Peer 1: 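Before we start, here is the structure in question, set down as structure tokens.
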Amino acid sequence: MKIGIISSVVATILFIYLLDPLLRLITFLLFNVFSSVAQAYTDRLFAQAALLSGPDPSFALLSFLAGISSGILSSFAFTLLFFWNRPEPPKKRQLLTRSQRWLLRWGGAAISLLLVGAMILMVFSTMFQLRITTSFTQHLATVAPYITDQDAKVLKSRWTRMRSESDFRALYHDLNQIAEKNELTLPENKVYSFSSL
């Protein structure tokens with residue numbers, strides 16, 4: 001009888017002070033934190049769909065392959081710089097001098113790191129062009145009902161003749177004026193937003 005009473009008291013204390021707070025925490029995480037994250041992710045998907053362009057699978061593949069290649073090349077450079085301590089060959093058959101080995105080691109690491117930089121630049125420039133183009137398509141569709149077809153064609157023509165950032169800014173100055181005149185809010189331009197990266 002004593003054992004039954006003691007075990008029920010211990011079980012009650014464990015439930016009240018250990019299991020109950022743990023269950024409340026799990027419930028809070030499931031219904032508040034995770035639902036907020038899921039809702040934010042869903043909202044982001046709808047905002048991306050509003051760009052009038054679906055996801056580009058070739059860009060995702062390019063990013064994936066560039067990431068793997070960058071990791072391999074970075075590991076190779078790191079290994080060359082910090083772990084490659086090749087023993088001195090015997091004096092009679094010395095294939096490379098000490099300076100040649102140093103040049104091979106540091107040259108290989110430098111080339112690997114340059115290739116990593118080139119891959120990062122390639123992915124960034126592709127992402128930049130995708131975002132700037134899809135944002136312009138979305139913004140032009142936003143103002144299109146409030147301008148003539150001729151004005152829309154002129155804006156597209158100016159876009160295709162764009163050669164610098166100043167051309168881009170001049171075009172967007174006019175687009176923003178059209179939006180303000182018609183009390184429209186253009187969606188955030190994904191190019192200059194760090195939150196979109």
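Small disclaimer: the values here were computed from a predicted structure and weren't measured.
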Peer 1: Name the orientation class of the two ring planes belonging to Phe136 and Trp159 (parallel below 30°, tilted from 30 to 60°, perpendicular beyond 60°).
Peer 2: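 The rings of Phe136 and Trp159 lie parallel, inter-plane angle below 30°.
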Peer 1: Using modelled atom types and a 3.5 Å cut-off, is there a donor and acceptor pairing between side-chain atoms of Ser74 and backbone atoms of Ser70?
Peer 2: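 Pair found, side chain donor or acceptor close to backbone of Ser70.
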Peer 1: Can you check side chain to side chain contact (heavy atoms under 4.5 Å, CB included) on Asp167 and Arg161, steps first, answer last?
Peer 2: CA-CA 9 Å; Asp167 294 339; Arg161 292 179 287 120; over 6 Å; no
Peer 1: For residues Ala179 and Leu186, report the shortest heavy-atom separation together with the two atoms involved.
Peer 2: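 Looking at all heavy atoms of both residues, the shortest contact is CB-CG, 3.8 Å.
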Peer 1: Any heavy-atom pair between the side chains of Arg169 and His173 that's under 4.5 Å?
Peer 2: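 Result no, sub-4.5 Å side-chain heavy-atom pair not found.
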Peer 1: Spell out, yes or no, whether Leu121 and Leu65 are grouped together once hydrophobic residues are joined by side-chain heavy atoms under 4.5 Å, including indirect joins.
Peer 2: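 Different clusters: Leu121 never reaches Leu65 through Ile, Leu, Val, Met, Phe, Trp or Tyr contacts under 4.5 Å.
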Peer 1: Are side-chain heavy atoms of Leu62 and Met122 found at a separation under 4.5 Å?
Peer 2: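 The answer is yes, as the side chains (C-beta and beyond) meet within the 4.5 Å cut-off.
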Peer 1: Out of curiosity, Ile132 CD1 to Glu165 CD, how far, rounded to the nearest 0.5 Å?
Peer 2: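 It comes to 8.5 Å.
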Peer 1: Going only through I, L, V, M, F, W and Y residues with side-chain contacts under 4.5 Å, is there a path from Met127 to Ile68?
Peer 2: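 Shared cluster, no.
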Peer 1: Of all heavy-atom pairs between Asp151 and Ile147, which one has the smallest distance, and what is that distance?
Peer 2: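 Looks like CB-CB, 3.9 Å.
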Peer 1: Mind listing the closest non-hydrogen atom pair of Met119 and Ala66 along with its distance?
Peer 2: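 That closest heavy-atom pairing would be SD-O, 3.8 Å.
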Peer 1: Between Lys181 and Tyr146, is any pair of side-chain heavy atoms under 4.5 Å apart?
Peer 2: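 Side chain of Lys181 against side chain of Tyr146, heavy atoms only: no contact under 4.5 Å found.
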Peer 1: To check you understand the geometry: which heavy-atom pair defines the closest contact between Ala109 and Ala77, and what is its length?
Peer 2: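 Looks like O-CB, 3.8 Å.
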Peer 1: Answer yes or no: is there a donor N or O on one side and an acceptor on the other, between the side chain of Arg158 and the main chain of Val154, under 3.5 Å?
Peer 2: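 No; zero donor-acceptor contacts below 3.5 Å.
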Peer 1: CG of Asp149: more than 12 outside heavy atoms within 6.0 angstrom?
Peer 2: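 No, CG of Asp149 has 12 or fewer neighbouring heavy atoms, counting only those of other groups under 6.0 Å.
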Peer 1: Do Lys153 and Ser157 come close enough that some side-chain heavy atom pair is under 4.5 Å?
Peer 2: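 Lys153 does not reach Ser157 side chain to side chain.
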Peer 1: List the atom of Leu175, the atom of Val143, and the distance in Å for their closest heavy-atom pair.
Peer 2: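 Smallest interatomic distance, heavy atoms only, reads CD2-CG2, 3.6 Å.
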Peer 1: Compute whether any side-chain donor of one residue and acceptor of the other, for Glu180 and Asn176, lie under 3.5 angstrom apart.
Peer 2: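 The answer is no; no qualifying pair exists.
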Peer 1: May I ask whether Val123 and Ile72 are part of the same hydrophobic cluster, defined by side-chain heavy atoms of I, L, V, M, F, W, Y residues being less than 4.5 angstrom apart, directly or through others?
Peer 2: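 Val123 does not cluster with Ile72.
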Peer 1: If I compare all heavy atoms of Arg163 with all of Thr160, which pair ends up nearest, and what's the gap?
Peer 2: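 What the structure gives for the nearest pair is NH1-O, 3.5 Å.
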Peer 1: For residues Arg131 and Ser135, is any side-chain donor paired with an opposing acceptor at under 3.5 Å?
Peer 2: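 Ser135 and Arg131 do not have a side-chain donor-acceptor pair below 3.5 Å.
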Peer 1: Does Leu155 reach the side chain of Leu171, with side-chain heavy atoms less than 4.5 Å apart?
Peer 2: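 SC-SC contact between Leu155 and Leu171 confirmed.
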Peer 1: Quick check on the hydrophobic clustering: are Tyr172 and Phe128 connected, directly or via other members, by side-chain heavy-atom contacts under 4.5 Å?
Peer 2: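 Per the 4.5 Å side-chain linkage, Tyr172 and Phe128 are co-clustered.
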Peer 1: Can you measure from CD1 (Ile111) to CH2 (Trp106) and round to the nearest 0.5 angstrom?
Peer 2: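 That separation rounds to 14.0 Å.
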